[in-house]
Amino acid sequence: MKSSSYDILVVGAGHAGVEACLATSRLGLKTLLLTSSLDHISFMSCNPSIGGLAKGHMVRELDVLGGQMALAADQSCIQFKRLNSSRGPAVRGTRVQSDKHEYSRYMSEILRSQENLELLAADVAEVLIEREVAKGVRLRDGSEIFARKVILTTGTFMNGILHLGLNKTSGGRVGEKASVGLSDQLRSLGFEVRRLKTGTPARLLKESIDWSQTIPQAGDERYIPFSFRSPSQLRLPQILCHLSHTTEETHEIIRRNMHLSPMYSGQIEGTGPRYCPSIEDKISRFADKLSHQTFLEPEGLNTDLIYLQGISTSLPAEVQLEFLKTIPGLQNVQVARFGYAVEYDYFEPFQINHQLETRAVRGLYFAGQINGTSGYEEAAVQGFLAGVNAARSTLEMPEFVLGRDEAYIGVLVDDLITKGTKEPYRMFTSRAEHRLVLREDNVLDRLAKSSAEIGLLGDEAKSLMNLSLERRALLRRELESRRITPKEETQKWLIQKGSSPLLKSASLEEILRRPELSFRDLGDWLDLGETPELDQESVEIEIKYKGYVKRQMELIEAARRMDSLSLPETLAFSEIYGLSQEEKEKLTKVRPKTLGQAARISGVNPSAIQSILVYLKGHRKKISSLEMPPE
C-alpha cells in the first residue's frame with residue numbers, strides 16, 4: 001500500500017470485488033482492493049463453471065459493457081456447452097466448465113498489472129462513517145485507510161459459520177477466516193441484517209472413481225466464445241464430464257441420518273437456496289423420487305479433484321462417505337474434502353438504490369452475496385455496477401442504471417431493490433417479463449450505446465463491436481432490398497426446401513421469415529461472404545420473431561410510461577387515501593423512485609397505483625404523462 005488515502009476502496013476479492021476494482025481503476029480512479037487472502041482472487045469456491053440459463057446472458061452483457069468475467073471464462077474453458085440449443089432463442093444459454101485455478105490465475109494477473117489499482121491483504125474491522133457518509137475503513141490492526149467511496153463485496157464471509165454435521169467453526173470457506181464486526185457495526189446503525197445459507201459438495205479423488213459405471217458427457221463441437229473480444233478457437237484442451245445418479249440405498253442412508261444435518265437439527269437458522277438444494281433437501285422435498293442425477297466435473301486440467309455437482313451436503317463426514325459409496329462409480333471413492341454448509345450475514349437489498357449505494361450511508365456500496373444473491377455471475381455484474389456508479393459519482397457524472405427491458409442485469413438489480421429476497425437470489429430467464437428481447441444473440445445491439453456511455457472498452461474492442469453491428473445492419477438491408485419472383489426455378493427451389501411456392505414476388509426477409517427456411521438455405525440467393533455465424537443467427541432470429549418482438553416492444557413502451565413518472569423522495573405514502581396498511585408499509589420500506597417500480601412491489605395492487613396517481617394529481621400543479629398505460 002503506497003498511501004492511506006484513495007478514491008475508491010473495494011473490500012473483498014471475489015467475483016464482485018474484482019469487477020468493481022477493475023471498473024473504478026480503468027475509469028482513472030485511484031483504487032485499493034482489500035482482501036484477507038491474495039491467493040484466492042476470483043476463487044471458485046463452489047462449482048467450477050461460468051454461465052448457464054440467464055446467467056450466461058449476464059456474462060455476455062457484462063462483457064459488452066467492459067467487464068472481465070467473459071474473457072476469464074474463455075481463457076479457462078475446458079468444456080463448452082450451449083444449453084437449450086434446440087429450444088427458443090430466449091432460453092438458450094452459454095455455460096463453460098472452467099479450470100478453476102487457471103481462472104483465478106488469469107484474474108490475478110489482470111489485477112496485478114492494472115494501472116491505478118493496488119492490492120492489500122488485510123482484514124477490515126469497520127467502515128469509517130461521518131455524518132452518514134462513508135469515509136474509509138479501519139483495519140483489524142487499528143490502522144485507517146480513507147477513501148471517497150467504499151464498496152463492500154464480502155461474499156459469505158460476514159459472520160460466516162461453517163457447518164459439518166453438528167460441528168461448526170468460524171469461516172467464510174474452508175481454511176479462511178470469517179469477517180467479523182462489519183455487519184454488527186452496520187446493524188447498530190440501523191441496517192437490517194439477516195442470515196442465509198449455502199453449501200458445497202464433497203471433492204473426490206479422480207483415481208478412486210470407476211468411470212466405466214458413469215455416462216460420459218462431452219461438450220459441444222461448435223464453440224462460441226463468451227466474449228466478443230476472444231478468439232474463436234479454444235485455448236485449452238477439452239475434457240469429459242460424467243453422469244451418475246443416487247440410488248434408493250443412498251436415500252435411505254440420508255433419511256436415517258437426517259437428524260445429524262445442521263439444517264434439520266435446527267443448528268442453521270439461515271435460509272438455503274431454493275433452486276440449488278442440498279441432497280438432504282432434495283430427498284426431503286421430493287420423497288417420491290427414487291434417484292437424483294449428479295455430474296462428476298473435473299476442477300481443472302492439472303488437478304485430481306472432481307466436483308460432485310448436485311450433491312451439496314452438510315452431513316457428518318462418515319455419513320457422507322457411506323452414502324457416496326452407494327452411487328454408481330463411487331463404490332471405492334476417496335474423499336479429498338467433505339461437503340459443508342456456510343451460514344452468513346446479508347443485508348436486505350431494499351436498503352440500496354439502483355446504483356447499489358446504500359440509502360442510509362452515502363458513498364457506501366454493497367455488491368454480491370452481501371445483497372442476498374447466489375452465484376458468481378450475479379455477484380460479478382453487481383460488482384461492476386457498483387464500481388461504475390461509485391466512479392461516476394466521484395467524477396460528478398450521472399448515475400448508470402440499466403432498465404428491465406435493456407438487460408438481465410437490470411432485472412436483477414430491480415428485483416433486489418423492489419422485492420428484496422428471503423433466500424439466495426438466482427437469476428432465471430423466467431424472471432424477465434421481456435425475455436424475447438433480452439436474448440444472448442442480441443447483446444451487442446442492446447448494449448452498444450450503454451457501453452459507449454460508460455467508456456470502458458478500448459479502441460480495438462470498440463472497433464470489433466462496431467464492425468459486427470455494421471455487418472448486421474448491412475445484412476438486414478440486403479434482405480429487405482433483394483427480391484425473388486415466382487419463376488419456375490424459384491418455385492422448384494422452394495418445393496425442394498419443403499416450402500410452399502410463391503404467389504407473388506417477395507423479399508428475402510419475407511422468405512427467411514418462413515419457419516422451415518434458414519440462412520443456410522438462402523445461399524443460392526445471398527452472398528454471405530465471411531459474415532460470422534453469430535451475426536447471421538442474430539439477424540435471423542430478429543426476422544423470424546419480428547411480430548412477437550413488436551408486441552413485446554409495445555408492452556415495454558407501456559412500462560416505460562409508468563417508469564417515466566418519478567415519485568418525490570419525500571412522498572408520504574402513509575397520507576395517501578385508498579392504500580391498505582400493508583401497501584403503505586411496503587411502499588415506505590422500498591421508497592420506489594417511479595410509479596412503475598411501485599407497481600412491481602409484491603403486495604401493491606393496481607388500485608393502489610391509481611390511488612397514488614389521484615394523490616399526485618391533487619398535490620401537483622402540473623404532471624405530464626399521467627395516463628395509465630394500456631393493459
- Message: I'd like to check the salt bridge (charged side-chain N to carboxylate O under 4.0 Å, His left out) partners of Arg600; sequence neighbours left out, ordered by chain and number.
- Response: Asp414, Asp563

- Item | Qualifying residues under salt bridge (charged side-chain N to carboxylate O under 4.0 Å, His left out), relative to Lys419, sequence neighbours excluded | Asp415

- Arg439 NZ/CZ over Tyr545 ring centroid, <6.0 Å and within 45° of normal: no

- Message: If you define the side chain from C-beta out and look only at heavy atoms, does anything of Gln597 sit under 4.5 Å from Ile417?
- Response: yes

Which pairs would a plain distance check flag for residues 166-174, meaning a side-chain donor or acceptor within less than 3.5 Å of a matching protein atom at least two apart in sequence or in another chain?
{"residue": "Arg173", "atom": "NE", "partner": "Glu176", "partner atom": "OE2", "Å": "2.6"}
{"residue": "Arg173", "atom": "NH2", "partner": "Glu176", "partner atom": "OE2", "Å": "3.2"}

- d(Ser230 OG, Ile224 CD1) to nearest 0.5 Å is 13.0 Å

- Where the side chain of Ser108 meets the backbone of Ser104, is there a donor-acceptor pair that is under 3.5 Å apart? yes

- Item | Residues, nucleotides or ligands: over 12 heavy atoms within 6.0 Å of Lys546 NZ | no

- Message: Going by ring-ring contact (aromatic ring centres under 6.0 Å, His included), name the pairs with one or both residues in residues 279-306, residues two or more places apart or in two chains.
- Response: His251-His292

- Which heavy-atom pair separates Leu438 from Ala407 by the least distance, and what is that distance? CD2-N, 3.6 Å

- Ion pair present between Glu533 and Arg222, side-chain N to carboxylate O less than 4.0 angstrom? yes

- Item | Which atom of Gly329 lies closest to which atom of Thr214, heavy atoms considered | CA-CG2, 4.5 Å

- Take Thr313 and Glu280 through the side chain to side chain donor-acceptor pair (under 3.5 Å) test and state the conclusion after the steps. CA-CA 7 Å; Thr313 180; Glu280 298 98 290; 3.0 Å; yes

- Query: Does Asp281 have any salt bridge (charged side-chain N to carboxylate O under 4.0 Å, His left out) partners at least two apart in sequence or in another chain, and if so, which?
  - Reply: none

- Message: On a heavy-atom basis, which atom in Asp210 and which in Ser212 lie closest, and how many Å separate them?
- Response: OD1-OG, 2.5 Å

- Please collect all ring-ring contact (aromatic ring centres under 6.0 Å, His included) contacts where either partner lies in residues 191-212, sequence neighbours excluded, each pair once. Phe191-Phe347, Phe191-Phe366, Trp211-His242

- Message: I'd like to check the side-chain hydrogen bond (donor to acceptor under 3.5 Å, both in side chains) partners of Glu378; sequence neighbours left out, ordered by chain and number.
- Response: Lys55

- Message: So does Ser291 get a backbone contact from the side chain of Thr246, meaning a donor-acceptor N/O pair under 3.5 Å?
- Response: no

- Do any N or O atoms from the side chain of Lys289 and from the backbone of Lys282 form a donor-acceptor pair under 3.5 angstrom? no

- Message: Just to verify, what does Glu252 make a side-chain hydrogen bond (donor to acceptor under 3.5 Å, both in side chains) with, not counting sequence neighbours?
- Response: none

- Please determine if Glu440 and Arg92 form a salt bridge, counting it only when a charged side-chain N lies under 4.0 Å from a carboxylate O. no

- Message: So does Gly339 get a backbone contact from the side chain of Gln320, meaning a donor-acceptor N/O pair under 3.5 Å?
- Response: yes

- Message: Tell me whether Arg60 is salt-bridged to Asp63, with the criterion being a basic N under 4.0 Å from an acidic carboxylate O.
- Response: no

- Message: Can you give me the closest heavy-atom contact between Leu315 and Phe323, atom names plus distance?
- Response: CD1-CE2, 4.0 Å

- Query: Residues in side-chain hydrogen bond (donor to acceptor under 3.5 Å, both in side chains) with Thr200, at least two apart?
  - Reply: Arg203

- Heavy-atom side-chain contact between Pro328 and Thr247 under 4.5 Å: yes

- Task: Check Gly12 against Thr153 and note the closest heavy-atom contact, atom names and distance.
- Result: O-OG1, 3.1 Å

- Message: Counting only heavy atoms from other residues, nucleotides and ligands, does the tally under 6.0 Å from CD of Glu221 exceed 12?
- Response: no

- Task: Of all the heavy-atom pairs spanning Tyr408 and Ala432, show the shortest one and how long it is.
- Result: CE2-CB, 3.7 Å

- Item | CG-CG distance between Asp99 and Leu236, expressed to the nearest 0.5 angstrom | 6.5 Å

- Message: Donor-acceptor pair, distance only, cut-off 3.5 Å: does the side chain of Thr421 make one with the backbone of Pro424?
- Response: no

- Item | Whether Ser261 side chain and Met258 backbone form a donor-acceptor pair below 3.5 Å | no

- Query: Between the side chains of Gln331 and Gln213, is a donor N or O closer than 3.5 angstrom to an acceptor N or O?
  - Reply: yes

- Query: Can you tell me how far CZ of Arg187 sits from CZ of Arg194, rounded to the nearest 0.5 angstrom?
  - Reply: 11.0 Å

- Look at Glu102 together with Arg105 and state whether they make a salt bridge at an N to O cut-off of under 4.0 Å. yes

- Message: Main chain of Arg514, side chain of Lys544: is a donor-acceptor contact present, judged purely on distance under 3.5 Å?
- Response: yes

- Item | Expected output: side-chain Asn442 to main-chain Val437 donor-acceptor under 3.5 Å | yes

- Message: Would you say that Tyr223 contacts Asp74 through its side chain, given a criterion of any heavy-atom pair below 4.5 Å between the two side chains?
- Response: yes

- Query: Who passes salt bridge (charged side-chain N to carboxylate O under 4.0 Å, His left out) against Arg337, sequence neighbours left out?
  - Reply: none

- Under the side-chain hydrogen bond (donor to acceptor under 3.5 Å, both in side chains) test, which residues partner Ser183, sequence neighbours left out? Asn159, Asp345

- Message: Just verifying a value: how many Å separate Ile543 CD1 and Ile541 CD1, rounded to the nearest 0.5 Å?
- Response: 11.0 Å

- Message: If you define the side chain from C-beta out and look only at heavy atoms, does anything of Phe350 sit under 4.5 Å from Glu192?
- Response: yes

- Message: I'd like to know if Arg82 and Glu537 make a salt bridge, using a cut-off of under 4.0 Å between side-chain N and carboxylate O.
- Response: yes

- Item | Side chain Thr373, main chain Ala379, donor-acceptor under 3.5 Å | no

- Task: Please check if any side-chain donor atom of Thr156 sits under 3.5 Å from a side-chain acceptor atom of Gln369, or the reverse.
- Result: no

- Do we see a donor-acceptor contact under 3.5 Å between the side chains of Glu583 and Asn605? yes

Give the table of side-chain donor-acceptor pairs shorter than 3.5 Å for residues 40-52, with sequence neighbours excluded, one pair per line with atom names and distance.
{"residue": "His40", "atom": "ND1", "partner": "Ser37", "partner atom": "OG", "Å": "3.1"}
{"residue": "Asn47", "atom": "ND2", "partner": "Ser49", "partner atom": "OG", "Å": "2.7"}
{"residue": "Ser49", "atom": "OG", "partner": "Arg95", "partner atom": "NH2", "Å": "3.2"}

- Message: Taking the side chain as everything from C-beta on, heavy atoms only, tell me whether Ser278 gets closer than 4.5 Å to Lys197.
- Response: yes

- What's the spacing between Tyr106 OH and Gln68 CD if we round to 0.5 Å? 4.0 Å

- Task: Examine distances only and state if a side-chain atom of Glu343 and a backbone atom of Ile161 form a donor-acceptor pair shorter than 3.5 Å.
- Result: no

